[in-house]
A.B. asks: 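One structure is given below, represented as C-alpha cells, and several questions about it will come after.
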Amino acid sequence: MEFIRKKLQPHKEWNILCLNDWHLGSHAVNEELKNKILNFIDCNRENTRILLNGDLFHNITKHSKGSQKDQSLTPQEQFDLAVEIFKPYADLIDGVTLGNHDWRTEDETEIDLMLMFCKMLGIQDKYLKYRGVIGYSVNKNFYSIEMFHGTGSGATIAAAERNLKKMKRSTADVMYCGHWHKEYAKPYKEYHIDPYNHQVKEYKRWFLCGNTLVDTESYAKKFSYDESFPSQAVIKLSGIKGKRSIEVEWIR
C-alpha cells in the first residue's frame with residue numbers, strides 16, 4: 001500500500017478537506033456547495049490540506065452505465081473544468097485516488113484520467129491510484145488516513161458502515177471512503193496490545209464516508225434509495241503538542 005507523509009507547520013488546528021464524488025459534468029452538481037467549499041479553502045488556506053478520493057468526473061461514456069442526458073459537459077470538458085478548479089490549490093493536495101466513474105475511461109481506452117489530471121497539476125507523486133495512507137505530523141502529533149474510494153452497493157447508512165469495516169486494510173486513525181453518497185462519520189475504539197509495557201492501549205479511530213457534491217433526489221427516487229443532502233467532510237486535527245485529537249465536521 002502506498003504511503004505519503006506530510007509534515008505540517010505548527011497551527012492550533014489543521015483542516016483536512018475530504019473531497020469525493022464531485023461528479024463534475026453532472027446536471028445534479030450543487031454549484032452553491034462547490035463555491036462554498038472553494039471559499040472555505042481560500043479563507044483557510046494556511047491550515048488546510050486536500051484529499052481527492054475518487055469520482056471527480058461524472059464521465060458517462062458510450063459504453064458505460066448511465067445516460068448521456070445526465071451530464072451537461074463532455075468528458076473532455078469535465079477534465080478541463082477539474083484542472084481549472086484545482087490548479088490554484090495543487091500545492092495543498094496530498095493524496096488522489098481513482099473512483100469507479102473515473103476508471104471508465106481506463107477500462108475502455110487504457111487512459112488513466114486521474115493520472116493525467118495529476119500530471120496537469122504537477123502532483124503525480126500524490127497519485128495513489130486505488131488506495132493509500134496519508135500520514136500527517138504536526139507538533140509531535142502523528143495522524144494517519146487510509147483512502148479508498150469504495151466499491152459495491154450501499155443504499156443505506158448501515159450498508160455503508162458495513163462496507164467501511166470490510167474495506168479497512170490498516171491501523172490508520174481514519175478509514176475514509178466515498179462512493180455511497182452518504183454523510184457518515186463514526187468514532188470507534190480500537191485496542192492494541194503493548195507486550196513491552198504489559199498494557200492494552202485504547203485508541204480512538206474513525207470510519208468516514210464523505211458523501212457527495214450532487215443533489216441525489218432524482219436517482220434516489222428512481223432506485224428507492226434514501227434521499228439526502230450534499231456535503232463534504234473536514235477532518236479536524238489538533239496541532240497542539242500533547243493534545244492529539246481528531247474530529248469530523250461537514251460543509252453543507
A.B. asks: Which distance, rounded to the nearest 0.5 Å, do you find between the NE2 of H149 and the CG of L128?
C.D. replies: 14.5 Å
A.B. asks: Mind checking what makes side-chain contact (heavy atoms from CB on, under 4.5 Å) contact with Y188, not counting sequence neighbours?
C.D. replies: K168, E190, R205, F207
A.B. asks: Should T171 and H192 count as side-chain neighbours, where that means a heavy-atom distance under 4.5 Å?
C.D. replies: yes
A.B. asks: Membership question, hydrophobic clusters at under 4.5 Å side-chain separation (ILVMFWY): are I235 and I251 in the same one?
C.D. replies: no
A.B. asks: Looking only at side chains, do K241 and N141 share a donor and an acceptor under 3.5 Å apart?
C.D. replies: no
A.B. asks: What pair of heavy atoms forms the shortest contact from N211 to P230, and how long is it?
C.D. replies: ND2-C, 3.8 Å
A.B. asks: Closer than 4.0 angstrom, basic N to acidic O: yes or no for D94 and R49?
C.D. replies: yes
A.B. asks: Taking all atoms of both residues into account, what is the closest heavy-atom pair of L17 and V234, and its distance?
C.D. replies: CD1-CG2, 3.6 Å
A.B. asks: In terms of hydrophobic clustering (I, L, V, M, F, W, Y; side-chain heavy atoms under 4.5 Å; direct or indirect links), are L19 and F40 co-clustered?
C.D. replies: yes
A.B. asks: Should we count CD of Q199 as having more than 12 external heavy atoms under 6.0 Å?
C.D. replies: yes
A.B. asks: Taking all non-hydrogen atoms of both residues into account, name the closest pair between G178 and C209 and its distance.
C.D. replies: O-SG, 3.6 Å
A.B. asks: When the ring planes of F142 and F3 are compared, do they come out parallel, tilted or perpendicular, using 30° and 60° as the limits?
C.D. replies: tilted
A.B. asks: Determine whether L92 and I145 fall in the same hydrophobic cluster, where Ile, Leu, Val, Met, Phe, Trp and Tyr are linked whenever their side-chain heavy atoms lie under 4.5 Å apart.
C.D. replies: no
A.B. asks: Looking only at heavy atoms, what is the nearest atom pair of Y143 and S245, with distance?
C.D. replies: OH-N, 3.3 Å
A.B. asks: Work out which heavy atom in K34 is nearest to a heavy atom in E31; give both atom names and the distance.
C.D. replies: NZ-OE1, 2.9 Å
A.B. asks: Say whether Q76 and D80, considering side chains only, have a donor N or O and an acceptor N or O under 3.5 Å apart.
C.D. replies: yes
A.B. asks: Quick one: does K182's side chain have a donor or acceptor within less than 3.5 Å of a partner on A160's backbone?
C.D. replies: no
A.B. asks: Quick check on the hydrophobic clustering: are I37 and V83 connected, directly or via other members, by side-chain heavy-atom contacts under 4.5 Å?
C.D. replies: yes
A.B. asks: So does L98 get a backbone contact from the side chain of D102, meaning a donor-acceptor N/O pair under 3.5 Å?
C.D. replies: no
A.B. asks: Okay, side chain of N163, backbone of S153: is any donor-acceptor separation there less than 3.5 Å?
C.D. replies: yes
A.B. asks: Show the numbers, then the answer: is there a side chain to side chain contact (heavy atoms under 4.5 Å, CB included) between N15 and N47?
C.D. replies: CA-CA 6 Å; N15 306 302; N47 66 326; 3.7 Å; yes
A.B. asks: Roughly how far, to the nearest 0.5 Å, is NZ of K186 from CG of L208?
C.D. replies: 13.5 Å
A.B. asks: Grab the two heavy atoms, one from A185 and one from W250, that are nearest each other, plus how far apart they are.
C.D. replies: CB-CZ2, 4.0 Å
A.B. asks: Please check: side-chain N/O of W14 versus main-chain N/O of Q9, any donor-acceptor pairing under 3.5 Å?
C.D. replies: yes
A.B. asks: Going through the distances and angles, do M120 and F117 end up as a side chain to side chain contact (heavy atoms under 4.5 Å, CB included)?
C.D. replies: CA-CA 5 Å; M120 289 292 290; F117 167 79; 5.8 Å; no
A.B. asks: Show, in sequence, the C-alpha distance, side-chain angles and deciding distance for R45 and D91, and conclude whether the side chain to side chain contact (heavy atoms under 4.5 Å, CB included) test is met.
C.D. replies: CA-CA 10 Å; R45 190 179 186 109; D91 60 311; 2.7 Å; yes
A.B. asks: Whether the side chain of Q78 engages the backbone of N59 through a donor-acceptor N/O pair (distance < 3.5 Å, no angle test) should be reported.
C.D. replies: yes
A.B. asks: Hey, could you give me the OG/CZ distance between S238 and R244, rounded to the nearest 0.5 Å?
C.D. replies: 9.5 Å
A.B. asks: Take atom CD in E110; do more than 12 heavy atoms of anything else shown fall under 6.0 Å from it?
C.D. replies: no
A.B. asks: Would you say the rings of F86 and W22 are close, in the sense that their centroids are separated by under 6.0 Å?
C.D. replies: yes
A.B. asks: Working to the nearest 0.5 Å, report the span between CG of N53 and NE2 of H179.
C.D. replies: 11.5 Å
A.B. asks: Got a donor-acceptor contact below 3.5 angstrom from the K140 side chain to the G242 backbone?
C.D. replies: no
A.B. asks: How would you list, by chain and number, every residue that makes a salt bridge (Lys or Arg N to Asp or Glu O under 4.0 Å) with K204, sequence neighbours excluded?
C.D. replies: E247
A.B. asks: State whether the side chain of Q232 and the backbone N or O of N20 hold a donor-acceptor pair below 3.5 Å, judged by distance alone.
C.D. replies: yes
A.B. asks: Using only atom types and a distance under 3.5 Å, with no angle test, would you say the side chain of W180 pairs donor to acceptor with the backbone of G152?
C.D. replies: yes
A.B. asks: Say whether Y136 and V133 are linked into one hydrophobic cluster, either directly or through other cluster members, by side-chain heavy-atom distances under 4.5 angstrom.
C.D. replies: no
A.B. asks: Under the side-chain contact (heavy atoms from CB on, under 4.5 Å) test, which residues partner T151, sequence neighbours left out?
C.D. replies: W103, F148, M167
A.B. asks: Can you tell me how far the CG atom of L24 sits from the CG atom of D55, to the nearest 0.5 Å?
C.D. replies: 10.5 Å
A.B. asks: Distance from T109 atom OG1 to D112 atom CG, nearest 0.5 Å?
C.D. replies: 9.5 Å
A.B. asks: Show your working on side chain to side chain contact (heavy atoms under 4.5 Å, CB included) between M116 and I111 and close with a plain yes or no.
C.D. replies: CA-CA 8 Å; M116 289 177 59; I111 295 174; 3.2 Å; yes
A.B. asks: With no hydrogens and no angle check, is any side-chain donor or acceptor of S144 less than 3.5 Å from a backbone partner on G135?
C.D. replies: no
A.B. asks: Test your reading of the model: is there a side-chain donor-acceptor pair from Q71 to the backbone of H58, 3.5 Å cut-off?
C.D. replies: no
A.B. asks: Please determine if E161 and K165 form a salt bridge, counting it only when a charged side-chain N lies under 4.0 Å from a carboxylate O.
C.D. replies: yes
